[in-house]
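This report refers to the structure that appears directly beneath it.
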Amino acid sequence: LLIYDTTCRRIARYSGAAVLSVDYRRSPEHRFPATYNDGFAALRFLDDPKNHHPVSLDAARCFLARDNSGGNIAHHVARHYALCHSSFATVQLAGVIAIQPFFGGEERTPSELWLDGTPVVSMARIDWMGRTFLPPGADRTHEAADASISSPVAAAGIDSPHFPPVTVFSDAKDLVVDQGHHCRQRCGIIFVCPKIWVATP
């Protein structure tokens, strides 16, 4: 949580927006769906005006934003929200901003093959993170990981009118850039990849 504290403070300062930074549970101690549940609980927290003290919040213009695995979490929290939108009194999701969101299927994409071994992230590390987050026995075709599959479970909520607009930012040399493109194709979102191309739905 402290890693992002400075970034969150800058966003709040220069945008004039209130920023709620969620300290969600992490794997390997807490597997799927703990992180999604914590993200959704944050929306429930915002939905209660009693929790808006000491500032007045406009919960009808709420954005979810994060990078990497947090981009994945924001996507799935938005799906969950869309499925039970009527149970919220004040929160309305206006959009999702996913920066280099972390998705992945069993089949290796060209970017995963080409960029494997780059600093910080390797496919071996990504595979390990998947094994420690997903339910025991699950592979990367699980709904939490693969944004390109046509599973009804993974697609639930995306077609809802309450599923918010999504913008994905991905770096041309990001190992999972192709997975972000798959996410765009699936959700009809805006996808921005510096130095390569810009596509809109």
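As a basis for the values below, the full set of heavy atoms in this structure was taken, side chains included, without hydrogen atoms, waters or symmetry mates.
- L93 is listed as a side-chain neighbour of C62, based on a closest heavy-atom distance under 4.5 Å.
- Closest of all the heavy-atom pairs between A18 and L57 is CB-CD2, 3.2 Å.
- If you run side-chain hydrogen bond (donor to acceptor under 3.5 Å, both in side chains) between R9 and each of D5, T7, T6, only D5 comes through.
- A donor-acceptor pair under 3.5 Å links the side-chain atoms of D47 to the main chain of V91, judged by distance alone.
- Side-chain atoms of D127 and R140, non-hydrogen and from C-beta on, do get closer than 4.5 Å to each other.
- Relative orientation of the F40 and H80 rings is parallel, given thresholds of 30° and 60° on the angle between their planes.
- Annotation for R61: atom CZ does not count as buried by contact number, only 12 or fewer foreign heavy atoms lying within 6.0 Å.
- Residue F102 is grouped with residue M123 when hydrophobic side chains (ILVMFWY) are merged at heavy-atom distances under 4.5 angstrom, including chains of intermediate members.
- Considering every non-hydrogen atom in both A98 and G71, the closest pair reads CB-CA, 4.1 Å.
- Follow the hydrophobic side-chain contacts under 4.5 Å out from L20 and you reach V77 in the same cluster.
- Not a single donor-acceptor pair under 3.5 Å links the side chain of N68 to the backbone N or O of G70.
- Annotation for F163 and I158: closest pair CB-O, 3.6 Å, computed over non-hydrogen atoms.
- Side chains of F32 and E143 form a contact here, defined as non-hydrogen atoms less than 4.5 Å apart.
- Within the 3.5 Å criterion, the main-chain N or O of L46 finds a donor-acceptor partner in the side chain of H52.
- Side chains of Y36 and H75 form no contact here, defined as non-hydrogen atoms less than 4.5 Å apart.
- The number of heavy-atom neighbours closer than 6.0 Å to CZ of R25, taken from other residues, nucleotides and ligands shown, is above 12.
- Note that CG of D67 and CZ of F169 are 12.5 Å apart. Values are rounded to the nearest 0.5 Å.
- Going from atom CG of D159 over to atom CZ of R79 covers 11.0 Å, rounded to the nearest 0.5 Å.
- In this structure a side-chain-to-backbone donor-acceptor pair under 3.5 Å is missing from R66 to L64.
- Taking the side chain as every heavy atom from C-beta outward, S86 and H162 never approach each other to under 4.5 Å.
- In terms of heavy atoms, A94 sits closest to P164 at C-CB, 4.1 Å.
- Between H142 and A138, the closest heavy-atom pair is CD2-CB, 4.0 Å.
- In this structure, the separation between OG on S27 and CH2 on W128 is 6.5 Å, given to the nearest 0.5 Å.
- Counting heavy atoms from C-beta on, the side chains of P101 and V168 come closer than 4.5 Å.
- The number of heavy atoms from other shown groups lying within 6.0 Å of CZ (R108) is above 12.
- A salt bridge does not link D48 to R44: none of the charged side-chain nitrogens sits closer than 4.0 Å to a carboxylate oxygen.
- Between H76 and N72, some side-chain heavy-atom pair lies under the 4.5 Å cut-off.
- Going from atom OH of Y81 over to atom CG of L43 covers 8.0 Å, rounded to the nearest 0.5 Å.
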